[in-house]
Amino acid sequence: NIQNSFSKIFRKWRSKGKLTEEDLDRGLLEIKNALLEADVNYDVVKEFIEGVKESAEGEEILYALNPGQMIVKIVFDELVKILGKAKKEIYFKGNPAVIMLLGLQGSGKTTTAGKLARFLTKKNRKTMLVPADTRRPGAVEQLKQIAEQAGVGFYKPDTDNPVEIARKAPKVAYIEGYDTVIIDTQGRLHVDDKLMQELKKMIKVAKPSEKLFVADGMTGQDAVKIAETFNNNLDITGVILTKMDGDARGGAALSIFSVTKKPIKLIGVGEKLSDIEQFYPDRIASRILG
Amino acid sequence: LGKSIAKDKIVIEELERTLIEADFGVQITMDIIEAVKKSPDKKSAIEEIKKYLINILELPEKEERSETKPYVVMFVGVNGVGKTTTIAKMANIELKNGNDASLVAGDTFRAAAIEQLTIWSERLKIPIFKGEYGADPASIAYRAISESKGENRIILIDTAGRLHTNKNLMMEMEKIVRVLKKIDDKYPNEILIVLDASIGQNNIQQAKQFMVYVPLTGIVMTKLDGTAKGGSIFPIVRDLKIPVKYIGTGEGIDDISPFSSEEFVNTLFP
Ligand SMILES: Nc1nc2c(ncn2[C@@H]2O[C@H](COP(=O)(O)OP(=O)(O)OP(=O)(O)O)[C@@H](O)[C@H]2O)c(=O)[nH]1
Ligand SMILES: Nc1nc2c(ncn2[C@@H]2O[C@H](COP(=O)(O)OP(=O)(O)OP(=O)(O)O)[C@@H](O)[C@H]2O)c(=O)[nH]1
Ligand SMILES: [Mg+2]
Ligand SMILES: [Mg+2]
């Protein structure tokens, strides 16, 4: 954990009496490395450390009795403060309210669609799952089986055109008495212009109140470029981080929020449909710090 | 008296940024910078880095394929990295090389996993062994291999995505290997871990932990058609000595290439 990895440096500090500017910089270097090892993006780390340095200098850490402990607390509080701005509820507007899940290949969208449907059912919403991925082998069948497991509605596509599915499904959902539609989309690269255009068309016809970027919690440095591109093109309304039941430190959370400023609404913590939970900034902060 | 980049903070930071942003990770980045800090300028430092990296990637060539009939390749990895799609691509390579291939639907857990692999087997017109959802994957693999005894073909085994932190799933994977060894100690001839290039430092943990349970013989790194550089491969190859066999560059059946250390390293420093 962070206390142990910094203890060497901070133990030296204790015997010093007064820290120098150089001592502080060495401590900040340790923090920088810890954040990089946690997969926080290089530029995000730079910006974060500068913010911490300002707070540290303001707090007279150079004269503190236990400067190591103080700086760790400053870092933790700063992380929680930043990530805290990332916490928000799902927003429903329209009848039916449409939620669209989008993101890279394999990030967990289809599974998350089922988790979200079950989660909303417990909140007394009547949800229909819409399989708009008509390309991946077995994708429609995968969502169909998930809809059965979750005990929610399922839209049977009569076309393999994702834009047509996005356009028709909410109308059918309305007629059948659903108040919520969750559209699962094909995984796509942020640099695939054709597929990004397709997503824009789907958004235009489905008019979702939530465009949720589903990202793998283990994503590395590329998290910034990926999230930024999705956000700049589609103006996402929130993020869902998946596979946080592993031991990845989850620095992608800080990277994605820093660059998009869009809230992290939910966290995926396993393969079962019940494995979804609220985003707790302090839990993610201590995880990133290791 | 030569000049060296060691004194040039700007060049050092630029090199550090390039490596970190490529997901190399802090430790190996420091090792690399240390190794090349005597270079006179950035250009020669990059040339030194490339040599250093190619040196890591070039492992002694394994011997020719063993003559077992069938020849068994098992695919493992965490959730969503591209195992099932990679199996289809690799089966296609075998067919193009004039070999017979069969698939084994060893993911008996995830929704529509068997249907997904079945569609690929139909597209490739090759046999597939499957069982019921919830069946023990070891028993499906055992049946597939023993029923193919003596056949001159490649059998590719798909397995469920699993996090290395899930001990039960790691033991389930270990059991598949143990059970196949009852048929022939050489089985599986290859155990390939599939790693996603967009994942960061956790790739290292994945490779290390999977290696504890099964003897990995190779790596396939997927999704290199994205913008991620896959630098996490270097600490893995350096420390675990597992060779990279193929890279995945897309979702189509032909989007796979045999790994070339020169091409890979040159892409890092265009
Ligand atoms: N351990 C774990 N596995 C997850 C989580 N979310 C999804 N998965 C698994 O990740 C894998 C990929 O999930 P999918 O839902 O198929 O991902 P996807 O984004 O729809 O994939 P594409 O449609 O191909 O882009 C599956 O094995 C899921 O069971 C999670 O929070 N934890
Ligand atoms: N862009 C790109 N996508 C890929 C590549 N390899 C696989 N994919 C996509 O990644 C997603 C997941 O692929 P799968 O083959 O289902 O992955 P998996 O490891 O079998 O997933 P689980 O069985 O759920 O753990 C699919 O949408 C694939 O089309 C690749 O090299 N590039
Ligand atoms: Mg999907
Ligand atoms: Mg699979």
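Order of the sequence lines fixes the chain letters, A, B, ..., with proteins taken first and strands second; residue numbering starts at 1 for each chain.
For A:Gln149, the CD atom is densely surrounded, since the number of other residues' heavy atoms within 6.0 Å is greater than 12. By the 6.0 Å contact criterion, NZ on A:Lys272 is open, its count of non-hydrogen atoms from other residues, nucleotides or ligands being 12 or less. No more than 12 heavy atoms of other residues, nucleotides or ligands lie within 6.0 Å of NZ in B:Lys175, so this atom counts as exposed by the packing criterion.
We find the CG-OG1 distance between B:Asp196 and A:Thr219 to be 7.5 Å, quoted to the nearest 0.5 Å. Note that the NE2 atom of A:His190 and the OG1 atom of B:Thr227 stand 3.0 Å from one another [nearest 0.5 Å]. To the nearest 0.5 Å, atom CD of residue B:Glu251 and atom CZ of residue A:Arg136 are 9.0 Å apart. Atom CG in B:Asn202 sits 7.5 Å away from atom CG in A:Asp39 (nearest 0.5 Å). Between atom CD of residue A:Gln105 and atom OG of residue B:Ser198 there is a gap of 9.0 Å, rounded to the nearest 0.5 Å. To the nearest 0.5 Å, the span separating CD1 on B:Ile20 from CG on A:Leu36 amounts to 5.0 Å.
Both the backbone and the side chain of A:Glu141 come within contact range of chain B, judged by heavy atoms closer than 4.5 Å. Only the side chain of A:Gln145 comes within less than 4.5 Å of a heavy atom in chain B; its backbone stays farther off. Contact annotation for B:Val78: only side-chain heavy atoms (C-beta onward) come within less than 4.5 Å of a heavy atom of chain A. Contact annotation for A:Asp247: both backbone and side-chain heavy atoms come within less than 4.5 Å of a heavy atom of chain B. Proximity to chain B (any heavy atom under 4.5 Å) is shown, for A:Lys144, by neither the backbone nor the side chain. Residue B:Asn166 does not touch chain A at all, counting heavy-atom pairs closer than 4.5 Å. Neither the backbone nor the side chain of A:Arg249 comes within less than 4.5 Å of any heavy atom in chain B. For a residue to count as touching a neighbouring chain, one of its non-hydrogen atoms must lie under 4.5 Å from one of that chain's; by this rule A:Glu148 does not touch chain B. For B:Lys223, the part lying near chain A is the side chain, with the backbone staying farther off; criterion is any non-hydrogen pair under 4.5 Å.
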*Test side chain to side chain contact (heavy atoms under 4.5 Å, CB included) on B:Leu163 and A:Asp245 and set out the steps.*
CA-CA 8 Å; B:Leu163 292 185; A:Asp245 44 316; 3.3 Å; yes

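Counting heavy-atom pairs closer than 4.5 Å to chain B, the top-ranked of the candidates A:Gly251, A:Ala248, A:Ala38 is A:Ala248. Each of A:Gly138, A:Pro137, A:Gly106, A:Ala139 has some count of heavy-atom pairs under 4.5 Å with chain B, and the biggest count is that of A:Pro137. Of all the listed residues (A:Gly217, A:Gly246, A:Ala223, A:Gly108), the one sharing the greatest number of non-hydrogen pairs under 4.5 Å with chain B is A:Gly246. The most heavy-atom pairs under 4.5 Å with chain A, out of B:Thr165, B:Ile114, B:Ile199, come from B:Ile199.
Residues A:Asp43 and B:Arg17 are paired through a salt bridge, judged by an N-O separation under 4.0 Å between the basic side chain and the carboxylate. A:Lys46 has no carboxylate O lying under 4.0 Å from a charged side-chain N of B:Glu16, or vice versa, which leaves the two without a salt bridge.
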Distance-only check: which donor-acceptor pairs under 3.5 Å involve side-chain atoms of residues 24-36 of chain B, not counting sequence neighbours?
unit_1	atom_1	unit_2	atom_2	d
B:Thr29	OG1	B:Gly25	O	2.7
B:Asp31	OD2	B:Arg238	NH1	2.8
B:Asp31	OD2	B:Arg238	NH2	3.4
B:Glu34	OE1	B:Lys37	NZ	3.4
B:Glu34	OE2	B:Lys37	NZ	2.8

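At least one side-chain heavy atom of A:Glu271 sits less than 4.5 Å from a side-chain heavy atom of B:Asn79. Residues A:Met218 and B:Gln205 form no side-chain contact, since every pair of their non-hydrogen atoms from C-beta on lies 4.5 Å or further apart. Residues B:Glu21 and A:Lys225 fail the side-chain proximity criterion, which asks for heavy atoms closer than 4.5 Å.
Applying the salt bridge (Lys or Arg N to Asp or Glu O under 4.0 Å) test to pairs two or more places apart or on separate chains, none has a residue in residues 104-132 of chain B.
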